Number of protein chains: 2
Amino acid sequence: MQKQETLSKNQKIILDLIEKSDQPLKAYSILFDVKKKGINAPLQVYRALDKLVEIGKIHKIESRNAFIACKNSKCQIAKATVFSICESCEDVTEIHDHKLSEHLRNFKDNKGMKYNKYNLEFFGLCKKCI
Amino acid sequence: MQKQETLSKNQKIILDLIEKSDQPLKAYSILFDVKKKGINAPLQVYRALDKLVEIGKIHKIESRNAFIACKNSKCQIAKATVFSICESCEDVTEIHDHKLSEHLRNFKDNKGMKYNKYNLEFFGLCKKCI
DNA sequence: TAACGCTGTGTAATAATATAACATATTTAA
DNA sequence: TTAAATATGTTATATTATTACACAGCGTTA
Ligand SMILES: [Zn+2]
Ligand SMILES: [Zn+2]
Ligand SMILES: [Zn+2]
Ligand SMILES: [Zn+2]
């Protein structure tokens with residue numbers, strides 16, 4: 001919570017917008033929406049997005065080049081993300097599954113990699129689209 | 001193997017190139033390399049890439065917008081991919097871990113999604129970069 | 001208080017990634 | 001042998017992201 005207080009003007013504007021949407025937003029759609037607030041250039045948006053991702057307030061959906069707010073206070077350090085994505089309606093939901101997280105957190109390959117982050121995206125059809 | 005035989009000219013050229021590299025290649029770097037073979041436009045590359053991804057000959061590394069050849073005959077239907085990515089040297093390795101695959105294949109959320117695909121990317125430091 | 005590092009802002013230009021639209025050719029299958 | 005499906009070639013354009021540069025605000029510290 002105290003991190004919220006230290007956000008800059010542009011970061012707040014953009015986080016507010018993303019948090020109001022329950023679905024991922026794309027950078028240029030964000031740019032369009034915040035022009036009325038005086039944010040004029042892509043770079044202003046990308047800088048805020050980078051910071052918000054870094055502190056875990058939002059996550060990037062890599063397969064969609066879009067950004068969604070994190071609703072889980074526990075993953076504020078965006079190091080372990082799991083999403084479910086409907087390939088028909090594009091609905092995206094963040095998944096918090098303790099057993100799955102444990103499994104992924106404990107995963108060791110046989111090459112001696114030292115992991116500090118993972119991102120998992122499940123694709124399929126949601127209830128409405130089946 | 002018989003799928004290889006049915007690849008078109010452009011698909012073969014581009015698959016050959018990707019298979020010769022043990023690391024992911026980006027679309028425009030592929031384009032640059034195949035110009036000498038008569039492939040002149042981005043779309044020709046992207047069309048081949050789409051097809052090769054579809055039949056599981058290559059995979060897209062979503063977080064890097066790059067394409068890597070699949071060396072595992074079992075995942076020819078690119079529905080279940082796991083990668084390890086070194087954030088320092090950008091080395092990418094496809095992971096085949098039976099236990100992990102089982103776990104992911106069997107994962108069910110509580111929203112009634114019907115999954116048909118997943119992609120997992122681990123990030124960290126490889127042995128050389130630690 | 002001045003010098004400095006750090007973080008953020010604003011702006012313009014450009015790079016990098018990907019697709020639309022259209023015309024034509026080749027392969028496959030009924 | 002026609003029709004459908006798949007692939008090609010080309011131009012233009014859309015979308016996503018970064019580089020480069022100038023400057024502002026703030027806390028530290030010499
Ligand atoms: Zn989260
Ligand atoms: Zn759906
Ligand atoms: Zn594979
Ligand atoms: Zn490395």
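All of these numbers come straight from a predicted model, not from anything done at the bench. Just so we're on the same page: letters track the sequence lines, and every chain starts at 1.
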Check your understanding: Does a nitrogen or oxygen in the side chain of Lys35(B) sit under 4.0 Å from OP1 or OP2 of dG9(D)?
Key -> no
Review point. Just how far is it from atom CD1 of Ile30(B) to atom CG of Leu25(B), taken to the nearest 0.5 Å?
Key: 5.0 Å
Review point. Do the ring planes of Phe122(B) and Phe107(A) sit parallel (below 30°), tilted (30 to 60°) or perpendicular (above 60°)?
Key: parallel
Check your understanding: Think Asn40(B) has a side-chain N or O under 4.0 angstrom from the OP1 or OP2 of dT8(D)?
Key -> no
Between N or O atoms, less than 3.5 Å apart, protein on one side and nucleotides 14-19 of chain D on the other: list the pairs.
from	atom 1	to	atom 2	distance (Å)
dT16(D)	OP1	Lys26(A)	NZ	2.2
dA17(D)	OP1	Lys60(A)	NZ	2.7
dA17(D)	OP1	Asn65(A)	OD1	3.4
dA17(D)	OP2	Tyr46(A)	OH	3.1
dA17(D)	N7	Tyr28(A)	OH	2.8
dA17(D)	N6	Tyr28(A)	OH	3.0

Exercise for review: Please state how far atom CG in Asn10(A) lies from atom P in dT7(C), giving the value in whole angstrom units.
Suggested key: 17 Å
Check your understanding: What's the spacing between Lys114(B) NZ and Cys129(A) SG if we round to 0.5 Å?
Key -> 13.5 Å
Review point. Roughly, in whole Å, what's the span from CZ in Arg47(B) to P in dT10(D)?
Key: 11 Å
Practice item. Between dA7(D), dT10(D), dT11(C), spot the one nearest the side chain of Gln11(B), thanks. Key: dA7(D)
Exercise for review: Report yes or no: do Glu62(A) and Ser63(B) form a side-chain donor-acceptor pair below 3.5 Å?
Suggested key: no
Exercise for review: Return yes if some donor-acceptor pair links the side-chain N/O of Lys26(B) with the main-chain N/O of Arg64(B) below 3.5 Å, else return no.
Suggested key: yes
Check your understanding: dG10(C) P sits how many Å from Ile14(A) CD1, rounded?
Key -> 10 Å
Review point. Hey, is the side chain of Ser8(A) poking within less than 4.0 Å of OP1 or OP2 on dT7(C), counting only N and O atoms?
Key: no
Check your understanding: Within this structure, what is the CZ-to-C1' distance between Phe32(B) and dA15(C), rounded to whole angstrom?
Key -> 16 Å
Review point. Rounded to whole angstrom units, what separation is found between the CD1 atom of Ile30(B) and the P atom of dA16(C)?
Key: 15 Å
Exercise for review: Select one nucleotide: of dT11(D), dT11(C), dG10(C), the one nearest the side-chain heavy atoms of Ala41(B).
Suggested key: dT11(D)
Point to revise | Leu49(B) CG - dT8(D) C1' separation (whole Å) | key: 15 Å
Revision key, fill the gap. Whole-Å distance, Leu7(A) CG to dT7(C) P, equals 15 Å
Check your understanding: Counting just side-chain N and O atoms, does Lys9(B) come under 4.0 Å of either OP1 or OP2 of dT27(C)?
Key -> no
Practice item. In whole angstrom, give the distance that lies between atom CD1 of Ile39(A) and atom C1' of dG8(C). Key: 12 Å
Practice item. For Gln44(B), answer base if it contacts any base atom (sugar-phosphate contacts may also be present), sugar-phosphate if it contacts only those atoms, and nothing otherwise; contact means non-hydrogen atoms under 4.0 Å. Key: base
Point to revise | Distance-only donor-acceptor check, side chains Asn72(B) and Glu94(B), under 3.5 Å | key: no
Check your understanding: Distance from Ser84(A) atom OG to Lys111(B) atom NZ, nearest 0.5 Å?
Key -> 8.0 Å
